[in-house]
Amino acid sequence: MTATPSSSIVWVFNSQVLHCSTTPALVICFFVALYTTLVNVEHLLGLRDVQTATLSPTSSLQSQGAGGIIRVFLGNASSTNGTVEEERRPDHRGSRAACAGRQIYVYKLPPQFNQKLIESCGSQPGWRNMCYDLSNQGLGAQFDVPESDPLANVLLPRTAWFKTNQFSLELLFHERLKAYPCLTDDPEQAAMSYIPFYSALDLTPKLFENSVAVRDQLSERLVGWLQSNRHWETSGGKKHIMVLGRIVWDYVRPVNAFKPGAAWGNALLSFPELWNVTKLSIERNPWDSEQMAIPYPTSFHPASDVEMVAWQSTIRNAKRNKLVVFVGSPRYNKVGGTDLRRELMRQCSGAGNADATTPWSDRDNNTTTAAAAAGIANSNRTKDPSRSCTMVLCNVVGCARNPQAPIRAFLEAVFCLQPPGDSATRKSFFDCLIAGGIPVLFDNMSAAQQYQWHLPGNTSSYAITFNRKQVVSGELDIVKRLLEIPHEVITSMQATITDMVSHFVYQKPGSKLAIKDAFDYTIDHLLQKFDVHVTI
């Protein structure tokens, strides 16, 4: 180490400051700092255990000393100009031994299959806000909660909250995979191969296009390109993965259904060439062994373990003064599930919310009486069940553009109604979970048969399931039945949800969390599926 007389080094470790401005002092400082680092190495190596800590939502890295964070300042001691600050976390780059059997090969597809789809976002009339939704590497725009809103002091840090589109999974997954520590350029050494085709970005703007040839065009080109690739030819698509940003039913139109308007979606998954590929999507066909559902992207994308743990503390301590909430839009006789949603809204409206069409932000949030709130929080028995159900109507509030409205509602409620949407699954299911709410389900296809890599096998450990037919017939009163659930059962379910939040959260691209997120669990299960021995 060399230094000029005017240079200096300042070491800061967990608020311990060493200021060195002379050459002899530099040598002493170096060994003192090295000793301090070694003494605290157990913190560096123990960062994975940070999830057992209890932090307030406003805890900072420096004040908590999480993971033994080291900050090094290089520059002139008398000035902050040119100062560089570095946070060193445990190195996640895999060594050759650590990457043995875990290597992933990423196909170098022509940009027309991915990057060009992003670049052309401004010329896609079928997806009006496509550029806005795909900004920030697919995270979307950051939340814009005003300072005057109490929620601004809850959704912390604000840099972790984004208006993430539910169909942005392909881009988010690819961005995460770019930083995967065990990538390889040799497909023969790979445990699996990834095809970075942004199918949702291609299909969504064309979904209502009458011409099936237009809907299928890029998918057909992809198949043609793969067939010309030597690695693809020798593998036959086995141990290959593809991520689909839409529900799987949007990609299964029969190849020979050429009549305009004859069938929905495109024929991507109907091409025999792709049958051996493992497809990951936000909703799968549970009878296809080569498909698996992985979580919808939510609005929360932490950049550190501390941010993850702080949010778990937030939802653990949330004051839930409402029994149950429904977030969604009315359904009319165009899609399945209309009768169920109509009955749920009827029951919820009958529970004291005749003005349910009023936007959430304009309503009196104290819709539950003090006695009812105390009953829910303490004995789970309310003397006023007519004030126990609230609604946030997305056709009025605009939930996609104002995702803070659903998050606010889920943070204030114990349960959240999750009837099927346009299909069996809903993004709202995961919005409810990350806010610590207990989902109320009406179909096994909504979760139990979908997200088997990310949710417990015992659905009753984190969700309530009611018989759909009994609800539709009016035989089952939702509020009454929820009020009958013992408090200890609710407490156990809430603890389970809080503990597993990271399973369905996608961290911010470029971050390095020691705590596994939805992407990490997906990769581990894929490696296990492809006969690689991994511990999950």
Side-chain angles (χ1 to χ4, degrees), residues 106-144 159-179 194-223 225 242-251 253 264-269 279-283 294-301 394 398-404 422 427 431 506-511 518-519:
V106 180
Y107 276 93
K108 297 175 177 61
L109 295 182
Q112 63 174 311
F113 297 111
N114 39 54
Q115 188 59 36
K116 288 292 185 182
L117 292 170
I118 299 175
E119 295 174 358
S120 63
C121 63
S123 59
Q124 301 292 345
W127 188 340
R128 186 177 56 183
N129 299 303
M130 188 173 179
C131 293
Y132 179 90
D133 292 335
L134 300 181
S135 61
N136 293 315
Q137 298 175 288
L139 299 177
Q142 282 194 346
F143 272 21
D144 49 2
T159 54
W161 292 90
F162 295 83
K163 299 180 180 181
T164 306
N165 186 275
Q166 63 178 336
F167 299 136
S168 63
L169 179 61
E170 297 155 349
L171 182 52
L172 286 175
F173 194 94
H174 192 191
E175 289 296 329
R176 286 281 279 111
L177 193 58
K178 289 177 182 178
Y194 167 63
I195 306 170
F197 175 41
Y198 297 167
S199 60
L201 274 57
D202 169 52
L203 177 59
T204 301
K206 306 172 183 175
L207 204 51
F208 295 94
E209 168 65 51
N210 281 330
S211 171
V212 295
V214 171
R215 285 184 253 155
D216 289 349
Q217 185 180 56
L218 199 59
S219 296
E220 290 178 343
R221 289 179 182 175
L222 174 70
V223 172
W225 186 91
M242 177 184 291
V243 177
L244 308 175
R246 299 186 62 91
I247 61 174
V248 73
W249 314 109
D250 291 340
Y251 302 99
R253 198 199 76 248
W264 178 258
N266 70 16
L268 176 65
L269 301 190
K279 279 76 68 171
L280 308 174
S281 61
I282 53 179
E283 179 176 325
I294 61 178
Y296 280 78
T298 65
S299 293
F300 181 50
H301 304 281
C394 291
C399 296
R401 290 288 162 259
N402 300 288
Q404 59 269 28
D422 293 336
K427 175 180 178 291
D431 290 336
Y506 295 93
Q507 71 180 52
K508 186 183 297 183
S511 306
F519 171 87

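FYI, the numbering just counts along the sequence from 1. For the numbers below, each heavy atom of this structure counts, side chains included, while hydrogens, waters and symmetry mates do not.
- Annotation: side chain of S168 is in contact with side chain of T164 (closest heavy-atom distance under 4.5 Å).
- The two residues S281 and V248 have their closest heavy-atom pair at OG-CB, 4.0 Å.
- With sequence neighbours excluded, the residues satisfying side-chain hydrogen bond (donor to acceptor under 3.5 Å, both in side chains) with D250 are R246, W264.
- Qualifying side chain to side chain contact (heavy atoms under 4.5 Å, CB included) partners for S511, counting only residues two or more places apart in sequence or in other chains: A303, Q507, K508, L513.
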In residues 121-128, what donor-acceptor pairs under 3.5 Å come from side-chain atoms, sequence neighbours left out?
| from | atom 1 | to | atom 2 | distance (Å) |
| --- | --- | --- | --- | --- |
| S123 | OG | S120 | O | 2.9 |
| Q124 | NE2 | S120 | OG | 3.4 |
| W127 | NE1 | D133 | OD2 | 2.9 |

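- Side-chain contact between F197 and L268 is present, with heavy atoms from C-beta onward closer than 4.5 Å.
- Considering only residues two or more places apart in sequence or on other chains, E175 meets the side chain to side chain contact (heavy atoms under 4.5 Å, CB included) condition with Q137, L171, K178, P509.
- Every residue was checked against the ring-ring contact (aromatic ring centres under 6.0 Å, His included) condition with Y251, not counting sequence neighbours, and none meets it.
- Of the possible polar contacts, none joining the N266 side chain to the D216 backbone as a donor-acceptor pair under 3.5 Å is found.
- For the pair L218 and F113, the tightest heavy-atom approach, listed with the atom from each and the gap, is O-CE2, 3.5 Å.
- Qualifying ring-ring contact (aromatic ring centres under 6.0 Å, His included) partners for Y107, counting only residues two or more places apart in sequence or in other chains: Y105, H231, H240.
- Using a 4.5 Å cut-off on side-chain heavy atoms (C-beta onward), H301 and Y506 make contact.
- Looking only at distances, no side-chain donor or acceptor of T204 sits under 3.5 Å from a matching main-chain atom of L201.
- Between P403 and F143, the shortest heavy-atom distance links the atoms CG-CE1, 3.3 Å.
- With contacts defined as side-chain heavy-atom distances shorter than 4.5 Å, the pair W161/S299 qualifies.
- Applying the salt bridge (charged side-chain N to carboxylate O under 4.0 Å, His left out) test to every pair with at least one member in residues 163-172, sequence neighbours left out, gives these pairs: D144-K163.
- Taking all atoms of both residues into account, the shortest heavy-atom contact from A200 to F167 is CB-O, 3.9 Å.
- The closest side-chain heavy-atom distance from N165 to M130 is not below 4.5 Å.
- Residues that satisfy the side chain to side chain contact (heavy atoms under 4.5 Å, CB included) test with Q217, not counting sequence neighbours, are R221.
- A distance of 12.0 Å separates NZ in K279 from OG in S199, rounded to the nearest 0.5 Å.
- A 4.5 Å side-chain heavy-atom check between L222 and I195 finds at least one atom pair inside the cut-off.
- Put simply, OH on Y198 and NE2 on H174 are 4.5 Å apart, with the number rounded to the nearest 0.5 Å.
- Atoms CD1 and SG, from I118 and C131 in turn, are 10.0 Å apart once rounded to the nearest 0.5 Å.
- I282 has its side chain within reach of L169: a pair of non-hydrogen atoms, C-beta onward, lies under 4.5 Å apart.
- When the side chain to side chain contact (heavy atoms under 4.5 Å, CB included) test is applied to V214, the partners found at least two apart in sequence or on another chain are K206, E209, S211.
- Under the ring-ring contact (aromatic ring centres under 6.0 Å, His included) criterion, Y296 pairs with no residue at all, not counting sequence neighbours.
- Under the rule for a ring-ring contact (aromatic ring centres under 6.0 Å, His included), the partners of F519 that lie at least two apart in sequence or sit in another chain are F173.
- Under the 4.5 Å side-chain criterion, counting only non-hydrogen atoms from C-beta, M242 is not in contact with Y194.
- Taking the side-chain hydrogen bond (donor to acceptor under 3.5 Å, both in side chains) definition, one finds that W249 meets it with E283, sequence neighbours left out.
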